[in-house]
Structure formats: C-alpha cells, structure tokens
Amino acid sequence: MRIFQQVFLLPIVCLACCFSLSAQDSTAQYDWKASSKRINPQHYELVFETPGVQGWQLYSPDQVLIDLPSAAIHFNDSAIQIIAPFQSFAQESTFQSPIFEQKVKVSEGKTTWKISIQFPATVPQNLMGKLSYSFGRNDEFKTEELAFSIPMEGGVDSTWVPRIPAIDINHPVNDCGDEGTKNKSILSIFLLGLLGGLIALLTPCVFPMIPVTVTFFTKKSADRKRKGIGNAALYGFFIFFIYILITVPFHVATKTINPEIFNNISTNVWLNLFFFAIFIVFAISFFGFFEIVLPSRLANKMDSKSGMGNIAGIFFMAGTLTIVSFSCTGPILGTLLANVAEQGAWPLTVGAAGFGLALGLPFALFAMFPGWLQSLPKSGSWMTTVKVVLGFLELALAIKFLSNADLVKQWGLLKREVFIGLWILISVAAVIYLLGWIRFPHSPKVKKFGLIRILFILLFSGMTVYLVPGLFNTKKANLKWISGFPPPLCYSIYSDPVNCRKGLRPLDDYKTALAKAKKENKPLLIDFTGWACVNCRKMEESVWTDPVVDDLMHQQFVVVSLYVDERRKLPILEQGKIKTERGDEKTMITVGDKWATFQTENFGATSQPQYAILSPDEKALTKTKFYTPNPKEFVKWLECGLEASKKNHP
C-alpha cells in the first residue's frame, strides 16, 4: 500500500530555514524589559519586567511542570553561576491545571522576575543570554524564548572591531590574485544544473510527459502548425522560467539579512542534519516504498487554471508539470541548490536556470521536430531502475550532509574510514541491485543486461574497488579523485594516520598570527576556511602538499587558518553586538561569527577557501585568492605576495 506524504521542500522550506537563521521571532506575545543591578564587583541581580498580555497567564518561574521548568535562563558563558534562583514579584494565583494535572502558580498583568548571578572573573560590558518562559490560557500552553543583551554596571568594554582600516583589498601593493570567487565558476554551476535537469528528465515523473504534451499542442493547433510549435516552445520556456522564479526569494532576502546567510545555510549543523533526514526520505521514496507528493489541492488548483486564456493557460500547464513532477525533480534540484548555497543568490539562480533549461528545452525541440518523437525510447521499467539508482546516490549525499554536521561539531561520529565504508556499502548495494539479486517495490525483474545497465554495474564496481583502500592506514588511502568529499585525512579512526600531514600547523587566531608576523618580519597568509568546506580540503590535500607550496608556506609566511563555521563560543568579554560597515547590527557569539565577519568586512567575500596576504602592518599585499587547484598558479600568487612584501618594506 502506498503511503503518501505531503512535503513542501523547494523553495518554501529552504526560504523558511533562511529566515529562521537570520532573525528572531518577531511575533513574541510578551514584551520584556531586561536590566541589571550591581550588588558587588562580581555579584549582580538581573531584573526582567513585563506588562503582561491581556487574556494570558504567565507561569511563575519557581516550578516544574511535570519535567519541564516553567522558566529558565541560559548564558553564553557556562562559568556564570546562579547564586539565587528566580523570584517573582506579581499578583499570583494558584489553580489545578487540567493540562499538567497539578497545582500551578500563574500571574496576570505586570510581572517582575529577579535572579542573582555571579561572574568568575571580569564582568563584560553587556551580558548576553536567553530567557525561556511559559504561558497559557484555558487548555492552551506555550513557551517562548527571549534573547537578551543587558548592560552591566562596571563591566569591561572589549568590543571587537572587525574592520581594519589599513586593509584596502581594492588597492593592494601588487595587483595579482582573483577578482571574485572561484569556488565554482558560474559556467560550471550552470552545467551542473543542466546535468541535474537531464537526469531528472529521465525519471518516470517527467519523461512520459514529453510525447503526451507535445502531441497535445501540435494536435490542438493542427490547422495552425506554427502556432502549435510556438505554444510548445512557450511551454518549455515557462518551465525554465518557473525554476528561475524559485530562487527570487533568495535575492529579496539578501537585502534584509546579513551577507553570510548563504554560508550559514551550508555549514549550519541543524540544517545539515535536516538535509540528511530529507535525503534519506527521498532515497527511500526513490526505492519505491512510498511516494512523495505535494498537496493534491495545490496540483488540482494549478491544473484547473491551465484552461485559462492561451498564454496564462500555458504558464499554468508548465506550473502543473513542475508540481506533479516534484517527487522526482525535488531531490535532484535540492541537491544542486544545497551544494551551491554558500556562494550566494546568483549561483542558485544560475544552477536553477540550467536545471529548468534541461527540462524545458525538449518540449520545444520535439514540437519543432515532431518526427523525433518516434526515436524516443518507450516509457517503461528502465525508468524505475534509473529512479532506484538515484536513490542510492541520494543515500551517499545524505552521508555527506551528516558528515558536514559531524565535522562542524567535531563529534567524531563519521571519521574518514567510517564515511568511506558507508559509501562502499552503498556502492555494493547498487551493484547487487543492478545485477538483479535484490528488488525493491515496483522494480522489474532483470531479464537481460543492456549496455547502459552493464556500464552502471562497471561504474559502481569500479567505485567500490577504488574506495576500498581508503579503509586502511596506507598511502593508497589518499583517494585523490574524491579529495574533499570524505572527512580530512587526519580525521581518522587510526591514532597515527600515515597520510595525515605532519608538517605545517597553521595558527588559528588572527592577533596571535599577526604578532608572530611582526616578530619574524614575514608576510601573513590568511586562510579563510571551514570544517564543512569541500574545496578547502581539496586545497589542503592536493595543493598545500606540493613541495614548492609547502616550502613557501613553511619558510616565507606566517600562516593562520580562520574557521568561519567554528561553533566554539567566544570568551564572554568578546561576545556582544557590533556595527558592520554597512550599518547592520550583528551579534557575535561563536568563533565562527568572529572570523566570518572579519572576512566579510575586510575581504568582501563569504565563500571559502579564500586566501589573503597581509604585511605585518596589515596592508594588503595582493588581491585575494580563491579555490586554485593548480599548484603552479598558487605558487605564482604566493611569490607575487613575497615580491609585494619586499616593495612594502625594501
């Protein structure tokens, strides 16, 4: 029996995730005012006041509702001690709660809560944290969270200013380097989108629609053949256009959110875990155990509008195809968008445009040349096989998203060999399926081995053989062809991995590295990187290991690696809110917040890897360098930086 799941993934979920990351909930029902009172140099009393909300009751903070505290306070520094719990100053009443089956205390109207805390050492100028509280009415119960920043009397002002005036990246000493991001060129992203669209075209949701739709247009306008061809071409264009429209909200969002949001999408732990879960669901769906569909009401509404006037009707027909084919196209397009999200809105649009072009173009071409329809292979069981193979690929991608979260948090769940082992199991399972030894629901029985099936068997078999050395602690475990996708060589189950680079150990703090550069009178090489950055790993494993690059970085530079997705919290004195160059207010909590802001403010980019060369007096010696897989090109840029260093201090 089929299980139908109604899922909105693209673009609704992605857009919702973006906004949930970029802003707090603006619909909070309670309005709080937070302040502090100094008792002694380390001892403070925090005061939270609210006028209340008419018709709602606020649960008093000193009670436990079953296993849930009615109120709690969380600080960004775990060393802060609570020396006296919350006290409530309000008119309270007690009643038997039908929800919790116990007596509870609540207040209505103006309420004041006080709590006493103590700092272990220096007090910050502003204390940041979160207050969670509970409220309800009748049989309703809700919780909300207030993020606060409270000025502390006598606190130390250690506001960090990320913008360094001496760094002028537009006017370096030597004009060498990159003009823009090279993580993935716009052309390569477009081609990836095109490839994804071609794969989606072969799925059971889309492929059978080509002859049906083209025949509909040409027959409907049989006496006006040109009009039929024009309508089919317009239909194909609208498919292309609709996929571009999907990315428009990201362009709108960039005007209201900080420029690092796209990098946050790709490195956020919870989003990576979300994508891991979604791709597992997609894979199981591709295996035929259930079907993912959008709400039938939406599809029916779109379908009903396809009978409108000519152009509008054709547009809604294209929209209907986009919706009903979601179960096949969603996972493929989602994979594409998730992997280029960190580069910004335009790469998303370019990727979606390539995807839409691959889907829409066949409808126009077959309408212009209807004779080609006869050459199309008939829809059949082969498409189910394609879908199942895509399911195995979705599983592999799911493992990658889980690995991203694991690397950012450094949980140690998916060490390099575990990751490779899971990919081997997936590859072996694909081979067994293609050989017909296992079958999934709706999968046809393998009666003969065609050329395409044999090629895919050889492909997955070859991948399995290639991956196997990666399980062992030998030099062959390097696996350079997939460099960057598995975890780093040093993130290993072995205590002394032979491929782990024992040489260069970059510093991880800018001020420390700058002080060393001044002391040794060497240029400073900054490496903006990330735990979940694929191209960063490729550079470290394939370019940094080049003998010339290695020698230059060891002998001629002070190297510092700044992780923009590092989730360790900053020391409490460095936490706070800052004003960016464009006037936005930004909260600094983690080490990654600090380095991501430093990169954006001084080097005008949010993608990684990005490399910059500064003099000890913080002048830009060159333009920055992005992903550069050619060691010779990277050496040339490093040498240009050394030449600029001599010019700057002859």
Side-chain angles (χ1 to χ4, degrees), residues 17 20-21 74-79 130 260 262-283 335 338-339 341-342 394-426 467 470-473 477-479 482-501 505-506 508-509 527-541 561-571 575 589-596 608-609:
C17 290
S20 68
L21 283 171
H74 308 279
F75 302 109
N76 293 329
D77 186 345
S78 59
K130 292 180 180 179
E260 296 146 29
F262 294 104
N263 184 67
N264 291 339
I265 290 174
S266 64
T267 61
N268 181 272
V269 171
W270 298 111
L271 271 177
N272 274 284
L273 291 176
F274 169 77
F275 280 123
F276 164 71
I278 286 294
F279 277 47
I280 291 292
V281 171
F282 276 141
T335 301
N339 281 283
E342 80 277 4
E394 291 294 324
L395 279 181
L397 288 167
I399 298 301
K400 176 58 183 169
F401 283 113
L402 180 60
S403 175
N404 287 347
D406 178 59
L407 285 169
V408 170
K409 281 293 189 180
Q410 295 287 287
W411 288 324
L413 297 176
L414 281 180
K415 294 293 183 73
R416 181 180 175 88
E417 293 77 18
V418 176
F419 180 101
I420 292 171
L422 290 173
W423 270 25
I424 289 174
L425 290 176
I426 293 170
L467 290 174
L471 298 175
F472 305 101
N473 192 18
N478 203 326
L479 305 182
I482 58 169
S483 177
F485 284 94
L489 292 164
C490 297
Y491 198 65
S492 171
I493 63 174
Y494 298 106
S495 58
D496 187 24
V498 297
N499 292 315
C500 180
R501 194 157 175 259
R505 284 288 186 272
D508 61 3
D509 180 74
D527 162 36
F528 288 104
T529 184
W531 293 112
C533 173
V534 171
N535 284 341
C536 300
R537 303 293 86 76
K538 288 183 178 179
M539 287 291 293
E540 292 163 8
E541 294 172 11
S561 290
L562 306 179
Y563 285 80
V564 301
D565 56 3
E566 175 60 66
R567 296 298 182 243
R568 282 186 297 110
K569 289 184 178 179
L570 289 164
Q575 296 178 19
I589 300 295
T590 68
V591 173
D593 292 336
K594 180 177 182 178
W595 300 138
Q608 296 78 45

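Values below: all heavy atoms of this structure, side chains included; hydrogens, waters and symmetry mates excluded. Here, residue 1 is the first one in the sequence, and each next residue gets the next number.
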Quick one: pull up [atom1] in [X] and [atom2] in [Y] and give me the separation to the nearest 0.5 Å.
X: Arg568; Y: Lys409; atom1: CZ; atom2: NZ; answer: 12.0 Å
X: Leu273; Y: Leu402; atom1: CG; atom2: CG; answer: 6.5 Å
X: Trp595; Y: Phe528; atom1: CH2; atom2: CZ; answer: 8.5 Å
X: Leu397; Y: Ile280; atom1: CG; atom2: CD1; answer: 10.5 Å
X: Ile399; Y: Phe276; atom1: CD1; atom2: CZ; answer: 5.5 Å
X: Asp509; Y: Ser561; atom1: CG; atom2: OG; answer: 12.0 Å

Is [Y] close to [X] at the side-chain level, that is, under 4.5 Å between some pair of heavy atoms?
X: Lys400; Y: Val534; value: yes
X: Pro497; Y: Asn473; value: yes
X: Tyr491; Y: Phe419; value: no
X: Asn535; Y: Gln608; value: no
X: Leu570; Y: Ile589; value: no
X: Val591; Y: Tyr563; value: no
X: Leu407; Y: Asp565; value: no
X: Thr529; Y: Glu540; value: yes

Is the closest side-chain donor-acceptor distance between Ser403 and Asp406 under 3.5 Å?
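Judged by distance alone, the side chains do not pair up.
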
Check whether any side-chain N or O of Asn272 sits under 3.5 Å from a backbone N or O of Val269 as a donor-acceptor pair, and report yes or no.
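No; zero donor-acceptor contacts below 3.5 Å.
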
Can a donor-acceptor pair be found, under 3.5 Å and without considering hydrogens, that links the side chain of Arg537 to the backbone of Trp531?
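Yes, the answer is positive, given that a donor and an acceptor are paired below the 3.5 Å cut-off.
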
Which heavy atom of [X] sits nearest a heavy atom of [Y], and at what distance?
X: Ala477; Y: Leu489; answer: O-CD2, 4.4 Å
X: Met539; Y: Pro609; answer: CG-CG, 4.1 Å
X: Lys569; Y: Phe75; answer: NZ-O, 4.1 Å
X: Ala283; Y: Glu394; answer: CB-CB, 3.9 Å

Is a salt bridge present between Glu417 and Lys415, judged by a nitrogen-to-oxygen distance below 4.0 Å?
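No, no charged N to carboxylate O under 4.0 Å.
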
Assert yes or no for the condition that the ring centre distance of Trp270 to Phe274 is strictly below 6.0 Å.
no

